[in-house]
Undergrad: 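This is the structure I have questions about; it appears just below.
Because the structure is predicted, anything quoted here is derived from the model rather than measured. Below, each value reflects all heavy atoms present in this structure, side chains not excepted, and no hydrogens, waters or symmetry copies.
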Amino acid sequence: MIVNVLANMAIIFMDIYFVWRWRYSIEKRRNPINNRNLFIGLQTAAGVCLMMSSFIVEGVRFDFRPVLFAYTMVYLDKEIAHPTIVLVAICRFFFGDLTLSSLNLLNDLAYILLSLGFFDRIKSKYSDFFQLWFLVMMGIVITAPKSVIRLENLAQVFSAYLLLAVLSSVFIYVSYHFTNDLDKLYQTSVHDSLTALYNARRLDEDLGKISENNHPYSLLILDVDNFKNLNDTYGHLVGDKALEEIGIVLNNLKSDLFDYYRYGGEEFVSLVFDGTGQKTLDLAESIHDRIAEIPLFSEEGEPLKITVSIGVAHRKPHEDMKITLLRADQALYQAKHLGKNQTVNAKGGLIFD
């Protein structure tokens, strides 16, 4: 029993790891249909592995599928959890015993129906930990009648399910805090503390990943005009406030197509999933407009105006994205040379003035 319990825990931890890795992939949002199918396949495979590693307590066969379903519901949402639950229930028929497989399918359908009624309510009010615990307990309670019918011993079933509930609760507690701490460490390592944008390390990672495929991306690199003079004249507190406000502007412009990074100092980069390059030019225009509206004041209350210069480069076929970044940087240099507060395309020519 102990070996199988540990095997169940290992399967859940491996599943959490793969889900966690893919959720932070640069490609995770680019093709939502393929991503959804990938997650459904991954979670179904994990469910089947859990069934193959089931264990017996007081004559009742158990596994940690309720934990898997709860994690899928909370972190990947219902559109992935519900197909996964149905597919795992169908796979149960390949393990034999038509009656138990049919009852299992009915239990899982009941679980889906109950989750539709309860999950949206608890999701907005309670922490992820409580959501996980509630969903697991709901899954355990739903399966209890099946065991009562089969064993006809209420006390035996109660003790078995109580033990499963305790094991599941302890495992949820450990795994939740482990993954939560891991997530915090990762977020700290890839985000800039001042602007809350991704940092240069994350940009380097993402450019390397994108260079492995031939998807159409564009790069936008912006630099705050006369930033050294702003720092020298009004102090670093005002300079930091300017950078922080630019970070707010970029975060407010964020979408599934755009990722933003603080490249270093007063330079920022936007990575845009863009088939033609036009989306990036439109984004540059929006950035100019929003930054012009930033309310920045000196310590004496004097209103200050911030402008930025922007260089844009659209990826050439099979081009290493670091080369694309270099071309965008050269376009930025040209924008500075032409008088600042404008956008220049890497192909040459003034785009925004």
Undergrad: Heavy-atom count around Tyr161 OH within 6.0 Å, excluding the residue itself: above 12?
TA: yes
Undergrad: Would a single hydrophobic cluster contain both Met9 and Tyr176, if residues Ile, Leu, Val, Met, Phe, Trp and Tyr are joined by side-chain heavy-atom contacts under 4.5 Å?
TA: yes
Undergrad: Would a 4.5 Å heavy-atom cut-off, applied to side chains only, mark Ile221 and Ile310 as touching?
TA: no
Undergrad: Under 4.0 Å between a Lys/Arg side-chain N and an Asp/Glu carboxylate O for Glu267 and Arg262?
TA: no
Undergrad: Under a plain distance cut-off of 3.5 Å, with no hydrogens placed, do Thr195 and Asp192 share a side-chain donor-acceptor pair?
TA: yes
Undergrad: For the residue pair Phe129 and His177, does the interplanar ring angle fall in the parallel (under 30°), tilted (30 to 60°) or perpendicular (over 60°) class?
TA: tilted
Undergrad: Both conditions, 6.0 Å and 45 degrees, for the charged tip of Lys254 above the ring of Tyr198: are they met here?
TA: yes
Undergrad: Should Leu207 and Leu326 be regarded as members of a common hydrophobic cluster, given that ILVMFWY residues are connected when their side-chain heavy atoms come within less than 4.5 Å of each other, either directly or indirectly?
TA: no
Undergrad: When rounded to the nearest 0.5 angstrom, what is the spacing between OG1 in Thr233 and NZ in Lys228?
TA: 9.0 Å
Undergrad: For the aromatic rings, using the six-membered ring if either is Trp, is the centroid distance between Phe64 and Phe171 under 6.0 Å?
TA: yes
Undergrad: When rounded to the nearest 0.5 angstrom, what distance separates NZ in Lys241 from CG in Leu304?
TA: 12.5 Å
Undergrad: Give me the atom names and distance for the closest heavy-atom approach of His314 to Thr324.
TA: C-CG2, 4.2 Å
Undergrad: Decide whether Ser175 and Tyr71 meet the rule of one side-chain donor and one side-chain acceptor closer than 3.5 Å.
TA: yes
Undergrad: Quick one: sort the Trp133 and Phe130 rings into parallel, tilted or perpendicular, breaks at 30° and 60°.
TA: tilted
Undergrad: A quick test of your reading: do over 12 heavy atoms of other residues, nucleotides or ligands sit less than 6.0 Å from CG of Leu237?
TA: no
Undergrad: Taking the ring centre of each residue, are Tyr126 and Phe134 less than 6.0 Å apart?
TA: no
Undergrad: Side chains of His288 and Thr343 only: does a donor on one sit below 3.5 Å from an acceptor on the other?
TA: yes
Undergrad: Do the rings of His215 and Phe273 sit parallel, tilted or perpendicular, given the 30° and 60° boundaries?
TA: perpendicular
Undergrad: More than 12 foreign heavy atoms under 6.0 Å from CD1 of Ile2: is that the case here?
TA: no
Undergrad: Does the distance from a Lys or Arg side-chain N to an Asp or Glu carboxylate O, for Lys322 and Asp320, drop under 4.0 Å?
TA: no
Undergrad: Do the ring centers of Trp20 and Tyr186 come within less than 6.0 Å of each other?
TA: yes
Undergrad: Can a donor-acceptor pair be found between the side chains of Asn8 and Ser53 at a distance below 3.5 Å?
TA: no
Undergrad: In this structure, are over 12 heavy atoms from other groups packed under 6.0 Å from Phe18 atom CZ?
TA: no
Undergrad: Which distance, rounded to the nearest 0.5 Å, do you find between the OG of Ser101 and the CG of Leu106?
TA: 11.0 Å
Undergrad: Return yes if a side-chain donor-acceptor contact under 3.5 Å exists between His82 and Ser115, otherwise no.
TA: yes
Undergrad: Can you list the residues that meet the side chain to side chain donor-acceptor pair (under 3.5 Å) rule with Asp223, with sequence neighbours excluded?
TA: Lys336
Undergrad: Report the distance from atom CD1 of Ile210 to atom CE of Met321, rounding to the nearest 0.5 Å.
TA: 5.0 Å
Undergrad: Return the set of residues passing side chain to side chain donor-acceptor pair (under 3.5 Å) with Ser102 (not counting sequence neighbours), or none when no residue passes.
TA: none
